2 protein chains.
Amino acid sequence: MNKEEQVIMGFRDLFNKMVWLNKSKMEDSLKGYKSSEVHCIEYIGRNVDPNVTKLAESFYMTNGAISKLTKKLIKKGIIESYQKPENKKEIYFRLTEQGKIIYEIHEELHNEFQERDKAVFAQVTEEQFDSMLSFVETYSRHLDAEIKKLSVDNKSEFE
Amino acid sequence: MNKEEQVIMGFRDLFNKMVWLNKSKMEDSLKGYKSSEVHCIEYIGRNVDPNVTKLAESFYMTNGAISKLTKKLIKKGIIESYQKPENKKEIYFRLTEQGKIIYEIHEELHNEFQERDKAVFAQVTEEQFDSMLSFVETYSRHLDAEIKKLSVDNKSEFE
DNA sequence: ATTATTTTGTTGACGAGGAAACAAAATAAT
DNA sequence: ATTATTTTGTTTCCTCGTCAACAAAATAAT
């Protein structure tokens, strides 16, 4: 296995591990809330005028899934929807008071995770940080270009 | 947002993107096979005496899910199960001839992905590779220790 | 201005995966 | 040797997310 594969698979494995662990911790602290719900709350709390489409793009999920998820959160009284006078189509979301509480608990948990992993990052030099960030940036742009190609290809199938 | 968060979220985003893109490509080339099925085939092709439990641990999935997945693959004639004379409990899997074909197609696709992303890695120096690998390694061990703590905690609840 | 296309969100049928209860074999404890 | 515990795999029920069909609003094309 060459180093490229090692890096990719290493990160894949690391990521699966982290998702699994944090999800466990999360559903332990925020009993009654699924991690997907919490992610949704996090996004709505952090962004301005989030709608179904923006949430879906951010999570790489379908609009349908987000539509159902937000409906459920509304039913639970965690978020509420609103519209703008100039647009009768788009529907935005904001946190309710109860939602803000969940949001805060999540933030604390987030800090806990950072605290937990502090030791790992303490060993990382500024240069290493920058090198990793530039790697991520480059790779991400590269994939964006590939995704763009893909969507062009798919469109051309129907021409 | 500090650099720790940037790194984590950057990789998370990069990863979601890559998974989404590769999954699309995969299900395009290997029509009729889901990406989870292909992952399963990949693992069975690469490891010796894989069983339900090993597959589940590797994919961070439940035994139940793998049990169903393998049953389906057997039905499709892609894998077959076998046992060892000294153990009547564990059930192992191997690829059938048809399964080997899928495996090979997957390998080629894998090479295609590497080829596609070659340009990104070409810019990475040996030192950067090693630094990222050691970061992954350190972090992964750290999380293993945390996961271990978690399972100890859960056990102590019932004592 | 009218029509065509695109964007945005919703719904229902379906499949994938998790949780829990279970059975059978293997291992540990006595 | 017998009993208790653990490991391994399966099945049933349920939730979550996808897909496809759809409706309504917004935008583009004519």
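Since the model is a prediction, treat every value here as computed from it, not as a measurement. Residue numbers begin at 1 in each chain, while the letters A, B, ... track the order of the sequences.
Checking side-chain atoms of A:Lys54 against main-chain N and O of A:Asp49 turns up a donor-acceptor pair under 3.5 Å.
Taken to the nearest 0.5 Å, the NZ atom of A:Lys76 stands 8.5 Å off from the CD1 atom of A:Ile102.
Nucleotide C:dA25 is matched to D:dT6 when pairs are restricted to Watson-Crick or G-U wobble geometry with both distances under 3.5 angstrom. Across all strands shown, D:dT11 forms a Watson-Crick or G-U wobble pair with C:dA20, both key distances being under 3.5 Å. Under the Watson-Crick or G-U wobble criterion, with both distances below 3.5 Å, D:dG17 is paired with C:dC14.
Comparing B:Glu86 and A:Glu90 by the nucleotide of DNA chain C whose heavy atom lies nearest to each, the residue mapping closer to the 5' end is A:Glu90.
Under 4.0 angstrom from either OP1 or OP2 of C:dT11 there lies no side-chain N or O belonging to A:Ser67.
With sequence neighbours excluded, the residues satisfying ring pair (Phe, Tyr, Trp, His ring centres under 6.0 Å) with A:His106 are A:His110.
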Response to the item:
B/S/- along nucleotides 13-22 of chain C (protein heavy atoms under 4.0 Å) is B--SBBS---
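Ring pair A:Phe93/A:Tyr82: centre-to-centre distance not below 6.0 Å. The distance between the ring centers of A:Phe15 and B:Phe11 does not fall below 6.0 angstrom.
Using a 4.0 Å cutoff to heavy atoms of chain A, the contacted part of DNA chain D runs 5' to 3' from D:dC16 to D:dA26.
Taking each heavy atom of B:Ser81 and B:Ile91 in turn, the nearest pair found is CB-CG2, 3.6 Å.
Using a 4.5 Å heavy-atom threshold, the side chains of B:Phe113 and A:Ile8 count as separate.
As rounded to whole Å, 18 Å separates atom P of C:dT10 from atom NZ of A:Lys88.
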Item to complete: Could you check B:Gln128 against A:Ser131 for side-chain hydrogen bond (donor to acceptor under 3.5 Å, both in side chains), going step by step and ending with a plain yes or no?
Response: CA-CA 7 Å; B:Gln128 283 179 305; A:Ser131 134; 3.2 Å; yes
